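What follows is one structure encoded as structure tokens, with my remarks underneath.
Both ligands and their constituent atoms are indexed starting at 1 by order of listing. Quick caveat, the model's predicted, so the values are computed rather than measured.
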Amino acid sequence: EFHLHPKKVHFASDGAFGKFDRQQLQRGFQVYKEVCSACHSLSHVAFRDLAQLGYSEAEVKAIAAGFSVPGTDPNTGEATMRPGTPTDYFPKPFANDIAARAANNNAVPPDLSLMTKARHNGPAYVYSLLTGFTEQPAELLKEFPEAKTPSGLHYNPYFANLNLAMAPPLTADGQVEYGDGTKPTVDQMAKDVSAFLIWTAEPKLEKRKQTGWAVLGFLLFATILGYMSYRNIWAGKK
Ligand code: HEM
């Protein structure tokens, strides 16, 4: 009873007519880049995919170059890091799971590419998790004293285990600075990054919905045509 359902939250991409709000996706990407990418990878997304959010070729190049990706030294063939290019995928922030665990109280931060699909009611879940860190309720401790949040973990009623190894990543209004005049409140940043993660998990969402309408239109047309043919063929027969 202490584990809560995600909060109700609306996204522009919701519903049968849903479309991405590209301004919002750009803001959400900014939150990912400036906050989440310190710990979470985005392995299914390539920098060039960001063109779909409305970034120009030059902007994509600059964003990619701002990340270090694993490569090989052309002279020695040894593994080394190099600046990203548009065809590279977002790099992992830790060299391996051992390093990831060492930095995160023995938990590995999961890849976020498909997170909004992996969890039930994913977009609302991510939003709720980010805005849901709180004190443990007194009733919980009274009923289950052994459930006290261990040191190094953080209480969050939207997380299935109630205690998770991620510290609240969004803690202060203005943590990122938006270029489009939107006020970067914690709530807004959480919404924007959740919207961005809807896109990473299903970049073809708009196409899918448009295709659905075209299919319905065709089926309606075919049904009417079929009915009219039926009437025509059987006209005059008793
Ligand atoms: C887990 C989102 C920033 C470390 C998670 C989960 C989500 C998430 C959705 C998965 C919860 C689940 O398994 O259901 C985000 C977002 C961030 C962000 C959107 C940026 C706004 C960070 C940062 C760190 C971090 C900066 C490290 C300092 C972790 C760890 C876990 C985790 C260690 C695993 C927790 C556990 O299983 O106990 N995060 N995160 N996250 N995150 Fe983050």
Using a 4.0 Å heavy-atom cut-off, which part of [X] comes near ligand 1: side chain, backbone, both, or neither?
X    : result
M189 : neither
Y32  : neither
S194 : neither
A165 : both
N105 : neither

Identify the closest protein heavy atom to [atom]: which residue and atom is it, and at what distance?
atom                    : answer
atom 37 (O) of ligand 1 : F159 CZ, 3.9 Å
atom 6 (C) of ligand 1  : L129 CD2, 4.0 Å
atom 3 (C) of ligand 1  : P169 CB, 3.5 Å
atom 28 (C) of ligand 1 : C39 SG, 2.7 Å
atom 16 (C) of ligand 1 : C36 SG, 3.5 Å
atom 11 (C) of ligand 1 : Y125 OH, 3.5 Å
atom 9 (C) of ligand 1  : M115 CG, 3.6 Å

What I want to find out is whether [X] reaches [Y] closely enough, with some N-O distance under 4.0 Å, to be called a salt bridge.
X    : Y    : value
R101 : D97  : no
D88  : R82  : yes
E206 : R22  : yes
E202 : R208 : yes

- [ ] Examine the side chains of D180 and T182 and answer whether a donor and an acceptor come within less than 3.5 Å of each other.
- [x]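 Present: a donor and an acceptor within the cut-off.
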Can you name the atoms of ligand 1, numbered from 1 with element, that are less than 4.0 Å from a heavy atom of [X]?
X    : answer
L130 : 16 (C), 19 (C)
N104 : 4 (C), 27 (C), 33 (C)
L164 : 38 (O)

Task: Considering all heavy atoms, the nearest N104-C39 contact - done: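 Looking at all heavy atoms of both residues, the closest pair is OD1-SG, 4.1 Å.
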Task: Parallel, tilted or perpendicular: rings of F47 and F90 (30°, 60°) - done: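 Judged by the thresholds at 30° and 60°, the geometry between F90 and F47 is tilted.
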Open item on the list: Any atom of ligand 1 sitting under 4.0 Å from a heavy atom of A38?
Closed with: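 A38 does not count as a contact of ligand 1 under the 4.0 Å cut-off.
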TODO: Go through the steps for D111 and S41 under the test side chain to side chain donor-acceptor pair (under 3.5 Å), then give the verdict.
DONE: CA-CA 5 Å; D111 187 83; S41 53; 2.6 Å; yes
- [ ] For atom 43 (Fe) of ligand 1, decide whether H40 has an N, O or S atom at a distance under 2.8 Å.
- [x]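 A backbone or side-chain N, O or S atom of H40 is under 2.8 Å from atom 43 (Fe) of ligand 1.
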Open item on the list: For G15, is there any backbone N or O sitting under 3.5 Å from a side-chain donor or acceptor partner on K209?
Closed with: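 Yes; at least one donor-acceptor contact below 3.5 Å.
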Task: Within-cut-off N or O pair, R119 and ligand 1, under 3.5 Å - done: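 Yes, R119 has an N/O under 3.5 Å of an N/O on ligand 1.
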- [ ] Just go through M166, Q175, R101 and tell me whose heavy atom is the nearest to atom 4 (C) of ligand 1.
- [x]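 Minimum heavy-atom distance to atom 4 (C) of ligand 1 goes to M166.
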Task: Axial cation check for Y178 ring with K183, 6.0 Å and 45° limits - done: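 No, K183 and Y178 do not form such a contact.
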Open item on the list: Would you say the ring centers of W213 and F17 fall short of 6.0 Å from each other?
Closed with: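 Distance test on ring centres: under 6.0 Å, yes.
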Task: K148 atom NZ: more than 12 heavy-atom contacts under 6.0 Å - done: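 Counting neighbours around NZ of K148, 12 or fewer heavy atoms of other residues, nucleotides or ligands fall under 6.0 Å, so no.
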